[in-house]
Structure formats: C-alpha cells, structure tokens
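In what follows, a single structure is set out as structure tokens and then discussed.
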Amino acid sequence: MLRILLVDDEREEREGIEYLIRKYQYPLAVAQAQNGARAMEYIEHNEVDILFTDVKMPVMDGLELAREVNRRFPAVKIIIFSAYGEFDYAKKALEANAVNYLLKPIEIEEFCQVMEKLLESIQREKEQTEALEQQNLQRMQNTFYRILTGARLTAAEHDRIRGHLFGQNRDCRLVHIECTDNFFDKWEELFLKLVKMYLGELTEYINLYPNEAYLLIREGKLLAKGYLKEQLIKLSRDAASYTKIDLTIIVGKCSASMEEFEKEIETIYEIGRDAFSFGNEIIWTEGELVQEHYSSDVEAMRGQLILAIEAGHVELIRKFARELADAIVKSGKVSKIYVQNVFYTVFQTMYDKNPDIRYERILNSSDELFYAKGARNIIDFFLQNIDEMLEGLQEKSPDDSANIQKIKRLVEKEYMHDINLSYVAEQIHLAPAYVSYIFKKETGQTLIKYITEVRMEKARMLLEEGNLKIIQIAKNCGYENQSYFNRAFKNYFGQSPKQYKER
C-alpha cells in the first residue's frame, strides 16, 4: 500500500483530507505532520510516496519542504495546497516539482480528480519500473547462465556480472546443486520456497538444466561456513522429505573479486565431474574442509592398486584391494563420497585396462555402492566386485555404441514424456550408473543435457510451424510447467518462446 504524508499546522485541515481519503477508499496509508520540519524528519525515517502539504506553516513552510524533498527524495510525488491562490505560489510550487496545486477550501470533485490521476500515474510508473527490473534480471540471469555453462563472455557481459557481484564491495558464495531426476522441472516452486525460508530473499537462483542449478549467496551471515552448512542441511532434508529426491551440493569459497569467482566455477565443475555420487551430500571447496574428503594413506594405497591393475597381476590386485580397504578403515576421517569415488575410479581402471570385463554386470548393482549405509557395507561391496571382475576377465564387454544408439532413439521417441536417467536405464535394461557413465564417455555430455537439447530443438520447430500455442508446445516437449519451459528456452536460445515466435 502507498503512503501519503499530510502536512498542515491546522489539525482540522489534516483530518479533513484524511477523511476524504478514507471516504473514497483510496489505497493509501495516511501519516500526519504539523509543520515542514516534522514532515522532513518523518520522511528521513519512513518511506513516503505522496507529500500533501500546506504552504503557510511555522518553522519550515511548505515550499521550502517541497524543494528539500524534491532534492533529496525525487521519487516522492508532491501536491501543494493553500488558501493563497496567487500565481507566485503556483509558480514556486511548479519549481519545486509539485505534480499539482490545490486551493483551500478544497473542492471535493477537484480533489478526487487529482488523486485518481496521481494514483494512476504512480501505478503506471511502478509497472514500468517492475518491467525494467524484470528485464534487467532476465538479462543478468542469461549472462550467469552463459558463464556457468562455460560460454565465452563479451567485455560488456563480463563487466555486468562484475558490477552485479562486487559493485558494493560485498563477498559472495556460489553453491552448485545437482540430482538424478528432473527435480527443478517438477519441484522448482517448492525448492524456491525452501531457499527463501533457509537462505533468505537475497539468494539468487540460476537454473541450468532440469537436474542442475546454482545459488548465489550474498547475505552476510550466510557467508559463514558453520551457519550456511546448518541451513543447507535443513534445505536438503526438507527437499528429500517432500520429493523423495536427494541433492548433491557443492559449496564454493567466498569470492571477493571476479577472478576468484571464476576460479570457484572451475573448482566446482571439477569436483562435480569427479564426484560420482548422488544423495544428500554437501561438499566444500574450502581448503581445510577439502581434507575431510581426502587421506594421503588411502591415496598411496589406491596408487599401488592402480599400478597392479595396469600390470595385470591378479594376486597383487586382490592383495592391494584389501590393503586399500584396510587403509580406509584406519583413516577414520574420510567421507562417504570420497570412499565411493576412490572405489569407482578403481572399477573404471579395471574396465579400461581389461576390455573383456563386463562392466555392465558390475554397475548393474552400483546402487548398492552409492546408497549403502555404513562404511563396512561399502567396503564389502567393493571387495566382492573386485573378485567378480577378476573372475570375469574372459567375458566380452557390452556394445556401448549400440546402447548409445538405443538411448538416443528412445529420447527421440519419448522426449514429450517425463523421462530421466532412471527411466531410460529401465527401458534399455541397464543400470542408471552404467547409462550415465557410457553416455558421458561416448558423447561427451550428460544424458540430461542431451534430453534438454532434443526438447529445445523440437520446441523451436513447433514454434516455427506456428500452429500451436506456447503452453501446448511446452507440454508437447515434456514440460508441464510453462514458466520453467519459458526460462529454459530463453537460456538455450537467448530469447523467450514468444519473442522467437514473433520473429
């Protein structure tokens, strides 16, 4: 609601105008002041949209008040009213940027005309300002999308982000969030409510794909590691409770410059690429916290095991696999995600060095590795599968190229439905982890990104045909949430579906 300040040294005059505002139900919160000095004091400490002031007052008159308000608070709309109708007063009022000048006693019809015209003008300006802010926000979102996906920025775009992030000498943190399913397509509204609840309204949200997004942390207390960790735990806990989908969160260090910010983007990308895990994990790029995910003894033993695999020495592989497991147990400080990543790299090396191993069979049970509870279960699974891989050296590996073609044909056929990694894996009778691995290995991109590209190209074709409404095109391309589709399309093509269709 807008706020109007009534200023007159006569209380009856102030209350009379307030009565008219109430009678004609103008959407205004009313405040009063008895002279210009009191009014100025009020405006300095409170938001005011309209100043309605008399001219002749003690201490500070209305014209002096109007001039001072216009100088310091130019957005405030000023109406001068007075019993003195001479031209000089009207001229001085206009010089003080008053939007109107009324004479006492106020004519009700004239008062209503002035107020209605003024409120319409304020509403129009508000809508224009909001549209401009939304346009600037979308432009900034598009620029963030480009830098976070590795695109080369122009000098103007680079300066725009620098000014947005560090124009007020504030630090920021970048938080990367990823999951296995199309979480942001289905649950974006819920997620944003949780972000607002736990991370405040200043946190910015940049969506990349249906399963991947970034948060930009700006608020001071959230930059502290301890407090931010508590809030992220609550956010991921509630997200999993409502949606049954777990989130993997990577938190960057505080950045105080554009150079540090870009370095954190690279670090987060590298960690996300190497961490083969999904599910309620919070990983920090902070120097001291990285040590929680690392053990020099474990790394040394992993190195020996890798050398034994490269040499093809079966007995040494079994020996060093057990010693690696013992090193993990003795370290006592490594995280679950670190252990999973260590074991996965060993599996990958076994597959790369021994093409006769049926890696598909091993990864069909990989959910047990990535969702196992407790270190002992993970270690037992690792040792069991090392034995199975060594026993199956003579078996032929699956035809990955044929599987990739099956996946692509399935996406082309069913892109308009709710498809994700788990669904694709089920349809072609492979493990989700295996599908993710071979698709990235063979094509150089994730399956979710490929699905998004197919949908965006189909949407573009439908827009060019011009026969369907945008909401129908969104549903035909697998997006139930039209607003999400609009933003995904703009991120991909640089313009909204409506703009593309009109062009």
Side-chain angles (χ1 to χ4, degrees), residues 1-6 21 24-31 42-53 65-80 93-102 110-146 154 156-157 159-165 167-168 188-189 192 196 200-207 216 218 469-471 482-491 493-503:
M1 180 179 287
L2 300 176
R3 180 173 292 276
I4 186 171
L5 176 61
L6 308 178
I21 291 172
Y24 293 101
Q25 299 181 347
Y26 294 123
L28 295 169
V30 180
Y42 181 87
I43 294 173
E44 287 173 343
H45 297 90
N46 298 275
E47 186 175 343
V48 172
D49 301 288
I50 303 171
L51 173 63
F52 201 106
T53 179
L65 170 65
R67 282 192 292 267
E68 185 67 10
V69 169
N70 180 56
R71 183 180 69 83
R72 297 177 56 187
F73 306 98
V76 176
K77 306 299 182 184
I78 303 171
I79 298 176
I80 302 288
L94 293 175
E95 289 174 354
N97 206 29
V99 297
N100 219 310
Y101 182 89
L102 295 175
E110 184 182 11
F111 173 81
C112 292
Q113 290 177 351
V114 168
M115 294 303 297
E116 288 167 7
K117 182 179 179 181
L118 179 57
L119 291 174
E120 288 176 6
S121 173
I122 292 175
Q123 181 61 30
R124 187 164 54 251
E125 289 180 9
K126 182 180 179 183
E127 291 173 356
Q128 292 172 348
T129 300
E130 289 177 351
L132 181 60
E133 289 176 350
Q134 184 61 37
Q135 181 181 354
N136 291 336
L137 176 62
Q138 184 61 57
R139 184 170 62 175
M140 187 60 65
Q141 289 272 320
N142 291 342
T143 307
F144 271 122
Y145 177 85
R146 284 168 50 73
T154 65
E157 289 174 327
D159 290 343
R160 187 184 305 141
I161 287 188
R162 185 192 302 275
H164 180 73
L165 292 177
Q168 299 179 1
E188 185 178 62
E189 185 176 348
L192 292 179
K196 182 178 179 180
E201 296 189 5
L202 294 181
T203 296
E204 297 182 42
Y205 163 76
I206 306 105
N207 177 253
L216 187 64
R218 310 292 296 277
K469 295 180 179 179
I470 293 175
I471 189 172
Q482 186 188 348
S483 62
Y484 183 87
F485 166 74
N486 290 341
R487 188 166 59 257
F489 189 93
K490 187 157 190 175
N491 284 339
F493 289 106
Q495 54 188 321
S496 69
K498 182 179 178 182
Q499 291 170 332
Y500 191 92
K501 188 173 184 180
E502 289 173 348
R503 188 197 69 175

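Note that the structure is a prediction, hence the values are computed from the model and not measured. Along the sequence shown, the residues carry numbers beginning at 1.
Side-chain atoms of Phe485 and Ile470, non-hydrogen and from C-beta on, do get closer than 4.5 Å to each other. Two residues are said to be in side-chain contact when any heavy atoms from C-beta on lie closer than 4.5 Å; Arg487 and Lys490 fail this criterion. Side-chain contact between Leu2 and Lys126: absent, with no pair of heavy atoms (C-beta onward) separated by less than 4.5 Å. Using a 4.5 Å heavy-atom cutoff, the side chains of Asn46 and Leu5 are not in contact. Contact check for Ser496 versus Asn486: no side-chain heavy atoms found under the 4.5 Å cut-off.
Glu130 CD: more than 12 foreign heavy atoms inside a 6.0 Å radius. Around atom CD of Glu189, no more than 12 heavy atoms belonging to other residues, nucleotides or ligands sit under 6.0 Å away. Residue-environment remark: CD (Gln25) stays at or below the threshold of 12 foreign heavy atoms within 6.0 Å.
The shortest non-hydrogen separation linking Lys469 to Lys501 is CA-NZ, 4.3 Å. When every heavy atom of Ala29 is checked against every heavy atom of Met1, the shortest pair comes out as N-SD, 3.5 Å. Phe489 and Gln495 get closest at one heavy-atom pair: CD2-O, 3.2 Å. Leu51 and Ile43 make their closest contact through CD1-CD1, 4.4 Å (heavy atoms, listed as atom of the first residue, atom of the second, distance). Between Asn207 and Asn491, the shortest heavy-atom distance links the atoms O-ND2, 3.4 Å. Taking each heavy atom of Tyr42 and Ala31 in turn, the nearest pair found is OH-CB, 3.4 Å.
The pair Glu68-Arg71 meets the salt-bridge criterion, since a charged nitrogen lies less than 4.0 angstrom from a carboxylate oxygen. At a threshold of 4.0 Å, the pair Glu204-Arg218 counts as salt-bridged, since one of the basic side-chain nitrogens sits closer than that to a carboxylate oxygen.
The backbone N or O of Ala66 sits nowhere less than 3.5 Å from a side-chain atom of Asn70 that would complete a donor-acceptor pair. In this structure, Thr129 contributes its side chain and Glu125 its backbone to a donor-acceptor pair below 3.5 Å.
When the options Ile80, Leu118, Ile79 are evaluated for a side chain to side chain contact (heavy atoms under 4.5 Å, CB included) with Phe52, the one that passes is Ile79.
Classified by interplanar angle (parallel below 30°, tilted 30° to 60°, perpendicular above 60°), the ring pair His164/Phe144 is perpendicular.
Rounding to the nearest 0.5 angstrom, the gap separating the OG1 atom in Thr143 from the CG atom in Asp159 is 11.5 Å. Here Glu47 contributes atom CD and Phe73 contributes atom CZ; the two are 11.0 Å apart, rounded to the nearest 0.5 Å. Interatomic distance, Thr154 OG1 to Arg146 CZ, rounded to the nearest 0.5 Å: 7.0 Å. One finds the CG atom of Asn100 at 7.0 Å from the CD atom of Glu110 (value rounded to the nearest 0.5 Å).
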Intermediate values then yes/no, side-chain contact (heavy atoms from CB on, under 4.5 Å), Leu28 and Asp49: CA-CA 9 Å; Leu28 295 169; Asp49 301 288; over 6 Å; no
With side-chain contact (heavy atoms from CB on, under 4.5 Å) as the criterion, how do Leu216 and Leu165 come out once you've worked through the C-alpha distance, each side chain's angles and the decisive distance to 0.1 Å? CA-CA 9 Å; Leu216 187 64; Leu165 292 177; 3.2 Å; yes
List the steps, then state whether side-chain contact (heavy atoms from CB on, under 4.5 Å) holds for Ile21 with Phe111. CA-CA 10 Å; Ile21 291 172; Phe111 173 81; 4.2 Å; yes
